[in-house]
Each structure stands twice: as structure tokens, then as C-alpha cells.
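Excluded from the calculations below are hydrogen atoms, water molecules and symmetry mates; all remaining heavy atoms, backbone and side chain alike, are included. Atoms within each ligand, like the ligands themselves, are counted from 1 in listed order.
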Amino acid sequence: MEQLERGSIRISVRNLVEFVLRSGNIDNRHRAASDNSMQEGGRIHRMIQRRMGSEYHAEFFMRHTIAVGDTFDIIIEGRADGVIIEQAATEKDVIVTIDEIKSVYKDLEYIKEPVGVHLAQAKCYAYIYAEQNKLQEVRVRMTYCSIETEELKYFYERYTYVEIQSWFQDLMNAYTKWARFEFEWKKLRKKSIKETAFPFPYRAGQKELISQVYRTIYHEKKIFIEAPTGVGKTISTVFPAIKAVGEDRGDKIFYLTAKTITRTVAKECFALLRKQGLRYKTVMLTAKEKTCIYDVADCNPDACPRAKGHYDRINDAIYDLLMQEDVFERDCIDEYAAKYEVCPFEMCLDMSLFSDAVICDYNYVFDPNVYLRRFFAEGVQGNYLFLIDEAHNLVDRAMDMYSAILFKEDFLELKKQVKPYHKKLEKTLDSANKFMLSIKRECDVFRVLDVDGSADGMSLSPFLVILTRLMGQMEKFMEEEDRREVREPVFDLYLQVRHFLNMYDNINDNYVAYCEHNDEGKFMIKLLCVNPAPNITKCLDKGTSAAFFSATLLPIPYYRNLLSGNDEDYAVYAQSVFDEKKRGLFVCNDVTSKYSRRSEMEYYHIAKYIHLIAKEKLGNYLIFFPSHAFLSQVLRAYEEYFMDDSMEYVVQKAGMREEEREQFLMRFEGNEDYEISEVIHMDIEYEKEKTLLGFCVMGGIFSEGIDLQHDRLIGTIIVGTGIPMVCNERELLKDSYEEEGLPGYDYAYRYPGMNKVLQAAGRVIRTVEDMGIVVLLDDRFLTHPYQKMFPREWQHFKTCNITSISNEVAEFWALQEDDLSGQL
Ligand code: SF4
């Protein structure tokens, strides 16, 4: 008989019980209680564990292996919160109790019995311990702790070995078919990976990039990749990651993006490799609002038939889909969700458990309120490989995710809303409002707060006591109250307060707290995360390796400091595949967007530049401004002095809707079937009669993620250095970085600004055939701090002024004409 290679399937105790034992309805009316009860209150846990005596063994790791036939093992592992080993008084045996701790906001008097999945976790550990230590009996203690009062409530259970073994056997019987599927699938996957070849001829430097990514995964490191447009960064990261999975260097790929369009590119990359014979299951996670069968998601069995009994049917739906498909896309998930009458959003999330690659937004990994608990909760770990696309976006996104804001007015408003329903809650909301009022009175405009308690009366400590009490009362309110009109606003504030408390619990040197009267006249307290690197690292440490990549990741030390904080991470500057001669780069030395020099004269000057540049060649141009206000001033000057019949223009407006955005882009496309994608594009030649100018704002929707290839865009003109507006928060960031010994101005202003400039410039020249110009209208680009941020492929630029720009641009286009005629 052929000797088969013996493999193993791992699962955590938590995931095992949550997956196999789920049943009943989705009911978000009471979601607060269940969300929170599954959340590990790390501080409370440690406090309880410390109070216990020497018989208490905290964070007790257990692993148990079960052989499935001759072929593979199931390995179940996890950490029990505590194992109490006591000497029995009358026997020589020991008495063993498995302790499972859960911290809750609500009053303990409302907890009448342990939650099923909590108890099941404890029972798993009880079985494993009893089995490994040959015990005849084992006990379980469920410890619930009130976060507000730190009171404890215990529930005790006692099991004979036979009882607990029988219970565990049933659990494993239910799980084995899933494990068998996973084992067989991984064999098939591994074989197909070996046979999958790189689908293209390698571009310059691509092989090197691929091997760097593989090397990073091999050494379980992180890498930062600056990969200019055209390098093929998606395939150059996905391909080595898949190969690493084939060598058991990783198990699941998370392809993380900031925008939907990049997710489409990743999806198409996997599709391409599937055409080469790769067997790889992928899922693309989509937001609930887009997946729900209703316009508004009201997830409870009274409002939605899919919510009713969802958990009773979901595992059958998943299994059916798993057997039929490798690509879990919206349409097929909708189809199977309808067939089994389950929620398509929840089903999509569940498919990630059985997918080899999960393509999703950053949120699903990094956001403490959204992340996928099945992969990233405390105590859960995996052989995950993270590919983080457009990683320059992660700095701001992560700062937002790990910062927290509360507005005084929200407490006041909710107080009025709950008044007819709940006196106690009304009173606590009033206390929160009054506390913020007392801080507001001492804050003229803006003030830094002391997070640890201070002598000047601006400490947050009393506020936290009120907020903790408020959490308990809001939880109880939501559990008892079914009327949506009042439950929803309570839930909204509940989420904000919970996030605030969680971030406060997390506070360290990377945070600053301040209060401010904002532009809308509201008063807020903010916990500002100034460096998200420790939080990001905590998430990525759940996996094995990570690649951060972007076309604009310069300077790399800046991104490395704010995204990982580890100097030992690798860095790669991929070589541009574009011919430098096909891009004209002009830096103008007699113009600026500086506030101090903004005037009618300067607006006229910039308008004239636009006119001189665009009149040299008929085509489409994008012009990027520092703000809508600045744009309007220049546009007015342009219309007044330079507009003629050979030109037309479109303007980016604030808050454009999806259709307006598409209409704007269609003007550049010249046909109605325009599709925005790096992979799919239409090669339709069209005759242009007029030059088209797109007036846009830097850092806005048109300065990133749009792909106007060939003649669709022949030039970008960038007005200003992109630096963010000076404000109290930016100044706070600057000071914080300086305190850390970092260049504060660069970190708070110059680097984020330059990233916007590089992104805007990157809209032109999208393929090797493209030619075009980039004009930088600001003399600051000629200073050393900016010059050193220029990417390698920008070293050959021309310095111009208002007198020479026409000739320089004309000369560039003439050379391109010559080159083209030479090729014919
Ligand atoms: S279908 Fe919509 S309303 Fe129903 S459970 Fe899913 S997300 Fe909620």
C-alpha cells in the first residue's frame, strides 16, 4: 500500500467551538452584550490572575492531537485563562479546575448562567487536561468580572472523565468532515502550486523583486517595497507568496488594500494564476451595506428572515459552496446564501475560514472594531502572510483606527432621547455631559490633556469612571429595548465609548490626548495615536510575514517608523520599467503656493503657466491644487485671461458622488464604456479636437487610483507641495515626533505632502508606450529637503520659469515626435 505523507490540520479551541457549536439567530439588537463578552479584557484578566494563589497557573497552554485514520492529525490548541491544581484533602489525588474569565460591562446580577460558547471553551480545556493527566474527574469555573466594579461572579461545573470525553467526542465528530476537506484540499493546492509558472516574461528587476519577497517570507520578516507604476507589484508579491505557501512557509494570504479598485486587481491576478492551473480558493470581502439583501441592514429575526436561524443553516451552506467553487465572489455567495436562506454578509466572512487568500480592506486586519476575530483575536495565531498594497495609505488609516474621539454634544443629545425610557441611563449621560462641560470651560480653543491624572484639574480619570458605568447601562438598555429608533442611537454612542475606553486601555507613549472646539462648534476630547506602528505590529505578529508596497513609499524610513518601527525590516526600491525619456519633468522656480505669497498676481501667474503648457500639445491634462479654494481662484484667473475655443475644462467638486466621478473620468476616456482598472482597459483611439483640462484637488479622488492610459492623459501640473494645512493636531504631531528625536516637520507635513505629489504625478505614464509631462509649480521643489525625496527616476528634471516653460515643453514633444517617426 502506498505510504501517504501524514499531515495535520490545526485549529484553536476558540475557533473550534465557535464554528461547530453555533446555532440560532443573528440578532444585533443584543449585539453589544455578545460582542463584548467575547472580547478579552486583558487588564481585568491579568488583575484576576495576579490575585490568585500559587495553585493558579495562568495562561496555561494546551495542545491535543487526534489521529484521523492513517492520513492526518487534527491539532487543537489554545490557552486556558487559568488551571487551578489543588491537593485533595482526603485523597492523594489532585482536584483540577479549569478557569475561564470573561469581563463584562453589564451588572453581574443579569448574568444568570454562563454563555454557551464560553463554557464550551472551558470544557475543551477540561477534556484535554483530564485526558493528558489521566484524571477521573475535572471541574470548570466560569468567572465573570464586572469591568466597572471589578466584582466577580462564578459558575461551577463538575464532569467525570467519561462525561467530558463523550461531549468532546461529539464535538470532534462534527468537526472531522471539515478537517478532512481542509487536509485534502491543501494536498491538491500544494501540488498545483508546484506546477504553476510565472505567467509573463519577467520585466526588468521583477525577478529580483519576487525573490526579495520570497526571501522575506522565508525569514519570517517584513519588507517595504517602493515599486513604481508598471513594475507589476501585485503579481510580484502574490506569486512568491503563493510559492511560499507551496513550501509550507505560509498558509493563508491576506491581500490588504485601501480601495476597491486595488482589490479588483488582486482578484484578477489570482484568476490569471488559476489559468496556469493553480488551485487556490479566494474570497473578496465586501462591506455589509453592499452585501445585505436590504437597503438598510437591520439584523434580527423579526426584521430579516435570513437572520432567523442563520446559524442553524450556515455550515451546510458553506460546505455546499466549498465543494462547488474556488472563487467566492459576490454572485456565487448571493446564490448560495439565497439557497440556504442565510445572510450573505456573514457567509462571505465565513468563507474566509476556508479561503487560501482573503482580499479585503485594511480594516479586517487592523481595525480593533472590525477585525476578523476568527484570525486575529487574542490567543489566535496563524501562518498568515500579509500583502499590504498602497501601503502609504495605511499611515493615516491606522492613525484614525487607533485614535478615539468623543463629542460633548452627543451625550447631551442622547440624554434627551433616552429620557422617556431610562432614568438611570439619562443620569449617567448627564454626568458625562457635565464632565465634558467642565473641561470645555477651561479650554479656550485647544488644550492638551493629561491622560494619567494631573494636578491642574484637566485629568481624564473621573471621565473614565463615568464612561465605564455608562457602558454597563447602555448594554443593559440594548438588551432590553427592541425599539429601533432609540436602540440605534444608543448603540452608535456605545460603539464610540467602547472604542474610546479600549484605546485608553491601550494608551502609551504613542498617544496624546487633547480637547478642542472644532470647526462645527462642537467640543471634543480626542485620544490621538501619533505613531500606529506598535498597534500595527501587534496585528501582523498574529501571522508570519508582511510585505508593505506602494508606488510611492518614499522615504522608506518614514513609513518603516510609522508602520512597523523595526529597523531590521527589509527595504527594496524596485527599478522603474518606463523609459525616462518619455516623461518630461519640469520644476518651475518662480512660482509657489505658499500662503504668504498667495495673491491675485500669483493666481494669474499659475493660470498663465497652465495656458503655456497646455497650448503646446493638444490632449488631456490634470491640474492638482492644494485646496478647492485655491483651485477656484486660479480657475477664475484662467477663465478671465486665457480661456479660448481650443480648450475645455472639468472641475472636481467637493463631495462628488460615484456617478459624478465617473462622468468626470468619461470626459478623459472619450467613450461611454469606460472602466477603471489596471487590468481591463479599452484601447480605443479617438480624435480629439480640444484640449481638456481637469482641475482637481491634490490628495482627492482623482489624484490616486485612477488609470488613464495612453492618450487619455498626457500631462499633470501640480501646484504646491501638498503639505497638509497647519492646525493644532498637525502641530501636536510635529511636536510628538520631535520629542522622539524624529524630524517633526518632515513627518507631520513634508512627507505626507510629498506623497500626495508623487501620487498625483503618477497619474501620467501608465504603460511602457505612454509619454507625457509632469510640471511641478513650486520653487520649494528645488530645495534640498524636497530634492532628496525625489524618486530615482526623477533625477533628470529641467528647471524652468515662466519665460522658458513653453520652449522646454515644446522641445520635449518635438523629441517624442522624432522618436515616433524614427520607429515608423
Ligand atoms: S441579510 Fe442584511 S439584514 Fe439580514 S442579517 Fe444579513 S446583513 Fe442583516
Under 4.0 Å from a heavy atom of Asp298: which atoms of ligand 1 are those, numbered in the order shown and with their elements? 3 (S)

Results of side-chain hydrogen bond (donor to acceptor under 3.5 Å, both in side chains) for Ser403 - residues two or more places apart only: none

Hey, are Arg180 and Glu184 close enough for a salt bridge, meaning a charged N less than 4.0 Å from a carboxylate O? no

Between Lys476 and Tyr110: side-chain donor-acceptor atoms closer than 3.5 Å: yes

Heteroatom count (protein N, O or S) under 2.8 Å of atom 6 (Fe) of ligand 1: 1

Phe354-Tyr319 aromatic ring centre distance below 6.0 Å: no

Are Lys233 and Glu390 within salt-bridge range, i.e. N to O under 4.0 Å? yes

Shortest non-hydrogen pair, Arg263 vs Ala258, comes out as NH1-C, 4.5 Å

